Every structure is written in C-alpha cells, then in structure tokens.
Amino acid sequence: MDEPNEQRQQRIKKLEHLREAGVAPYGTRFEVKDRAGQLIKLHSEKTKGILEQEKISCTFAGRVVALRRFGKAGFAVLQDGSDRLQVYLKKDFLSEQTYKVAEQLDLGDWIGVTGVLFRTKTNEFTVEVHQLTFLSKALRPLPEKWHGLTDVETRYRQRYVDLIANPEVHQIFSTRSRIIAGIRTFLIERGFLEVETPMLHPIPGGAAAKPFVTHHNALGVDLYLRIAPELYLKRLVVGGFPRVFEINRNFRNEGISTIHNPEFTMLEFYVSYADYHDLIVLTEELVSSLAQQILGKTVIDYQGKEIRLTPPWRRWSYHQAILEVNSLDPSIFQDRDKAVMVARLLGVEVDPKWPLFNIVNEIFEETVEPNLQQPTIITDYPIEISPLARRKDSDPTLTDRFELYIAGREIANAFSELNDPLDQRERFEGQAIQREAGDEEAHLVDEDFLRALEYGMPPTAGEGIGIDRLIMLFTNQASIRDVMLFPQLRPEK
RNA sequence: GAGCCGGUAGCUCAGUCGGUAGAGCAUCGCCCUUUUAAGGCGAGGGCCCUGGGUUCGAGUCCCAGCCGGCUCACCA
C-alpha cells in the first residue's frame, strides 16, 4: 500500500464533510434510466432550438472525469462505460445542500444526475442538472487529464486506472468481448455445443508444452493445469457430441513475450464427419465474417501493414513452402547431413544430433514463418510433429493438418483427428521415446484417452485458435499484454 | 537467461560539469454563473527504485540488486 498522501487526506476530509451533511459517501441503489452513449446517439444531432423545445429529461450515472468550476456554476464530464457526457451544475438549478455537494466533488467521484438536455454557448451537448445523487467517493486522484496514464507497468498492474484514464484501452476490451461473443454465435449457429472440460488434468496432454503443477490435498495427488483441452473434447466426440467447442484458458509454464502469456485463451472445436479441408473453409468464413462484423471490413491494418483477410487465403504445403522460400531441392527432406548443412548456410542454428524432422522444422520456423504476413494456410505437416493428427492417405509420412499464419504468427492449428486407437498408441509411444531423449514437451501416454478411442471415434476434424493473438490482429495491438486485462507480471515488491 | 533502455511530487516529464530538487497538470486558499487542456493571484507537496562505494559534497559517477519495456534466447 502507498503511504497516505496529501491528496488522499484531503479527500478523506471531504468524505467526512459529506457524512456530516447527511450525504452517504458510499451510497446504494440508483435508478439509471439512460446511458451517455445512448443519449449522445439519440439526441446529440439535435440543434439548440430543438433541444430547448423538446426539454428531454434524462437520468444517468458515472464517474467524474473532468471538472471545470467557476464561482457559482461548473461543468463536469461523466464517464459511464458507454461514453462521456458533460453535465452543467448551476447553483440556481440545485437545492442548497445539493450545490454544497457539487462544490465538494473531486475527480474520480461517482454521481448520478437527473436533468434536461441542452446546448451550451459553445454548442456542447450537455445535461443541465436539476438533481444530483452522490454515489461513491474516490480517495485517490486520477492521472493527469492531458497525458493520462502512460507508465506501462502501472497500466498493467493497475488496469482499473488504465481503463478509467484511457478510453482506447476500454475500447479494446469491449472489442475483445464482442469478438468472443461473435465467435460463440458463429459456432452455435452452425450447430456446435459449447462445453467445459477440466482445467486440472492428471496427465497434461493435447499440446507440446511444459505444464504448471499443483496439488490436490484431499486426493493426495499432483495435478496439472491444462495445456490444452483437446483430449477431453475428443472424449466428448466419442461420447456422441458431433460438434463441440470450448473457449477457455490454457496454461503453459514457459517464457513471457509480446505474444506469450502463461495463461491464454484458446478456442478449440471439433466437427464429426468432416476433414481438415472443411475446417480451412470454416476458418476463412469465421475470421473474415468476424472482421466484417466487428471492424466493418476484411482488409485491415496491422502495425502499419495491410492484411487482407478476404478469402480465399493462400494454401501452401509445409515442404513446398520451405523449398520455395529458400530455393532448395527436396533432397534435404531425406538427407540429414545435407539438411544440417543447408540450415547452417541459411543461418539457422541447429544441433547436428537432432533428428531430421527437427532440423527441417527449425528451418521452417526461421525462414518461412516470418514471411507469412498475409493469411496463409500451411498444410501437410510431417507426422513426427503431429502426434494427434490423422495420417495422410497419399503419404503416410505426412498428416491431414494445417496451420493458419497471419502477420508471421501462428493463429490456428487444425487437423483431421487421428481416430485409430492402435496408431494413436504407437504415436504416444514414439513421443515417449522423444521424451526419454530429453524432449520435456513430448506427449505422455494417456491410457484413458486411448480407451476412449477404442470405443470408436467418428472421423472428426478439430481446430484450435489462439484467441488473444486473433484479438491482437483485430485491435491492432503489438503486445499480447494489451489485449489481456491482467497480464502476468512479477509480484509487486 | 543475455543485451539495450527506463524508474525523480498523485500523473506527465525536466534536471547542465558532481555544488541548496524543478515545471505543467492535479491538490489547498481566494476570485469568477456557459467551460471544454477554462482563467487570475497565492500556497503546500519528494524514501530522486533499493543497498553499498568514490567524494568535502551524489538525483547525477562506480558496483550489486529489484521492477518494467524492447530485442534476442526459450516457447514446434
């Protein structure tokens, strides 16, 4: 806690004055009839004359975010989450006690007002206040009106202040909410059922990542915060829900960066009887229709670059992309020594002891990914890095899988699901070998998941979309912290 | 984990060569009944991130640490 300071003391004194005058500094119910945004939308086009004629009365509440006082009158600006609206407080229009309350107002206080809409001399759309209800006292001063709150650390640690002081931040999180609501609607309209699966997993699975470990006292077992819901959602497909989705948190015990937070929001959905081609089309529809709905366009600006979300997007196979970007010939996919040499030549750091697929994948990530600025569907990933994906009929070394890249980042990962329980068991065993070779993130064998598959899972395609990264794109934010209300920071002090 | 940058009043920031810690906004007092970064006059407010060191003297120089940002590494 900060030490009490001058301004805080001053405000506590005012709070006591309010109490002495019989005004509750922390009041209760207030009947809000209007919202600033709505009033502005409905009436702010009207001329001074028309407003005088119509005498529209209104009642709304908000936080005082600006205060300009003169002798016996003053203007305050109230912010109510929908917008900001100026109110006019004039002694003549208020009871003596109410005017005294108005005189004591501080920036940050919450009040409710009833009054009549009018235009000032300078033609500002304003509420002439006739009744004022004090709602809540702020003891701490708001950041400065002109520069606002810019200190990044304070903005993240005290997001509540950031949201008060920076309307554009408020806007981003409101957009975030509308994007997620839009995704829900999109899926529900297409017959998907929203489900919730465990956050606490006895065996972390469904992704290659380091988990957080926790402990359940009564059961006396260690549990893991989930790294992905995938294996549970597929159990539900086995159970007979042909279209399910979940939007919820994943937790990965890894580094923090502008595109990584230890907890992040993931959408996963599964479609029975479909394959990954169907999901490519579905993803194009989802992303482009969301852009149209939320932003009103499908060609957007992201960090100074034009991104064309308009479908169809480029399709490019994993291997073709590597070859074309680097002008290589396909022999590197067969010959490890050659792959190592090419990696060195391209300035891609690899360990010569790595298996071939690892070296190739490193080349992909270093040379191809950064080039995928426009939406690109990369297809046909190697089987070694796709332990849950269905084998390709035409080439058993590849899988029926794609990833969507936009602005050089992985946005979605999807595949026709592996529903052959015997093949899945072999893949898990292959992962176990990788794990023994030192890959901490290789999958563990999940016997119950295998048992579920043995009951039979229909052919199904599934996809995961990193919601935070999608929101970064839609809100033109460079850092994932700016689309998460409370990004992870080191504890204060 | 490494490199670079930053941390000074509630907020946004100055602070010269090492020589008494500054401004604007906010706050307090007085004036002001249509302002909008309102205005005028006056006042108060500091753990200069923390701990060491150098020095007659450190916000400033040196060392260590803490917190944050960016880049890289890690994260397929």
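Please read these numbers as outputs of a predicted model, since none were measured by experiment. Order of the sequence lines sets the chain letters (A, B, ...), proteins ahead of strands, with each chain counted from 1.
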Rounded interatomic separation in angstrom, taking CD from Q9(A) and P from G10(B): 13 Å
I want to confirm an ordering. Mapping A73(A) and D151(A) to their closest nucleotides on RNA chain B, which one lands closer to the 5' end? D151(A)
Closest listed nucleotide, where the reference is the side chain of Y156(A) and the choices are U33(B), G69(B), C75(B): G69(B)
Enumerate the protein-to-nucleotides 25-28 of chain B contacts in which both atoms are nitrogen or oxygen and the separation is below 3.5 Å.
from	atom 1	to	atom 2	distance (Å)
C25(B)	O3'	K145(A)	NZ	3.3
A26(B)	OP1	K145(A)	NZ	2.9
A26(B)	O2'	Q7(A)	OE1	3.4
A26(B)	N3	Q7(A)	NE2	3.1
U27(B)	O4'	Q7(A)	OE1	3.4
C28(B)	OP1	K14(A)	NZ	2.6

Rounded interatomic separation in angstrom, taking CD1 from I12(A) and P from G10(B): 15 Å
C1' atoms of C13(B) and G46(B), separation to the nearest Å: 15 Å
Below the 4.0 Å mark, does C67(B) have OP1 or OP2 next to a side-chain nitrogen or oxygen of R490(A)? yes
The residue among E268(A), M199(A), H201(A) that forms side chain to side chain contact (heavy atoms under 4.5 Å, CB included) with P229(A) is E268(A)
Rounded to whole Å, CZ of R157(A) lies from P of G7(B) at a distance of 17 Å
Using the six-membered ring for Trp and the full ring for Phe, Tyr or His, decide whether F70(A) stacks on the six-membered base ring of C32(B) (centres under 5.5 Å, planes under 30°). no
Determine the interatomic distance between C1' on G39(B) and the same-named atom on G7(B); round to the nearest Å. 35 Å
Partner of C11(B) by Watson-Crick or G-U wobble geometry, both contacts under 3.5 Å, or none? G24(B)
Just checking E441(A): base, sugar-phosphate only, or nothing, at a heavy-atom cut-off of under 4.0 Å? sugar-phosphate
Would you kindly give the CD-to-C1' distance between E492(A) and U50(B), to the nearest whole Å? 15 Å
Please classify the nucleic acid contact of K91(A) as base, sugar-phosphate, or nothing, using heavy-atom distances under 4.0 Å. nothing
Would you mind classifying the nucleic acid contact of L149(A) as base, sugar-phosphate or nothing, using non-hydrogen atoms under 4.0 angstrom? sugar-phosphate
How close or far is atom P of G68(B) from atom CD1 of I256(A), stated in whole angstroms? 9 Å
What's G74(A) touching, base or sugar-phosphate or nothing? Going by heavy atoms closer than 4.0 Å. nothing
What's the NZ-P distance between K72(A) and U34(B), to the nearest Å? 11 Å
Euclidean distance for P, U8(B) against G51(B) (whole angstrom): 16 Å
Checking all strands, does D92(A) fall into the base, sugar-phosphate, or nothing category for heavy-atom contacts under 4.0 angstrom? base
Exactly one of R390(A), K392(A), R315(A) should register a salt bridge (Lys or Arg N to Asp or Glu O under 4.0 Å) with D380(A). Which one does? K392(A)
Using whole Å, what does the distance between atom C1' of nucleotide G69(B) and atom CD of Q477(A) come to? 15 Å
As its Watson-Crick or G-U partner within any shown strand, both distances under 3.5 Å, C4(B) has G69(B)
Describe the nucleic acid contact of T258(A) in one word from base, sugar-phosphate, nothing, applying a heavy-atom distance below 4.0 Å. sugar-phosphate
Centres of the H319(A) and F364(A) rings: under 6.0 Å? no
Describe the nucleic acid contact of R481(A) in one word from base, sugar-phosphate, nothing, applying a heavy-atom distance below 4.0 Å. sugar-phosphate
Opposite nucleotide pairing with C47(B), Watson-Crick or G-U, both atom distances under 3.5 Å: none
For C32(B), the Watson-Crick or wobble partner whose two distances fall under 3.5 Å: none
Of all the choices, U71(B), G69(B), U34(B), which nucleotide is nearest to the side chain of K121(A) once you look at every atom? U34(B)
Roughly how many Å apart are C28(B) and C66(B), using the P atom of each and rounding to a whole number? 40 Å
Nearest to the side chain of P143(A), which nucleotide is it out of C11(B), G68(B), C75(B)? C11(B)
For F357(A), report the nucleic acid contact type (base, sugar-phosphate, nothing); a contact means any heavy atom under 4.0 Å. nothing
Separation of the C1' atoms in G65(B) and U71(B), to the nearest angstrom: 23 Å
Paired nucleotide for U16(B) [Watson-Crick or G-U wobble; both distances under 3.5 Å]: none
Going by atom types only, do E45(A) and H43(A) share a side-chain donor-acceptor pair under 3.5 Å? no
Establish whether the base of U35(B) is bridged to the side chain of T120(A) by a donor-acceptor pair shorter than 3.5 Å. yes
Under 3.5 Å: donor-acceptor pair, side chain of D482(A), backbone of A478(A): no
Does M472(A) offer a backbone N or O that forms a donor-acceptor pair with the side chain of Q477(A) under 3.5 Å? no
Could you tell me whether the side chain of Y224(A) reaches within less than 4.5 Å of the side chain of L200(A), counting heavy atoms only? no
Smallest heavy-atom separation, Y270(A) atom then E417(A) atom, equals CE2-OE2, 3.1 Å
Just the rounded figure in Å: distance from C1' of U35(B) to CZ of F118(A). 10 Å
If only atom types and distance count, is the side chain of R427(A) paired as donor or acceptor with the main-chain N or O of L418(A) below 3.5 Å? no
More 5' along RNA chain B: E366(A) or Q488(A), using each one's nearest nucleotide? Q488(A)
Distance to the ring centre below 6.0 angstrom and angle to the axis at most 45 degrees; does that hold for R159(A) and F486(A)? no
Could you measure between the two C1' atoms, the one in C25(B) and the one in A14(B), and give it in whole Å? 15 Å
Can you check the distance between C30(B) and U20(B), where both ends of the measurement are the P atom (answer in whole Å)? 36 Å
Once side chain to side chain donor-acceptor pair (under 3.5 Å) is applied, do any residues pair with Y88(A), and if so which ones, sequence neighbours excluded? none
L489(A) side-chain proximity, nearest of G69(B), C67(B), U33(B): G69(B)
Considering only atom P, compute the distance from G59(B) to G52(B) and round it to an integer number of Å. 14 Å
U34(B) base to E124(A) side chain: any donor-acceptor pair below 3.5 Å? no
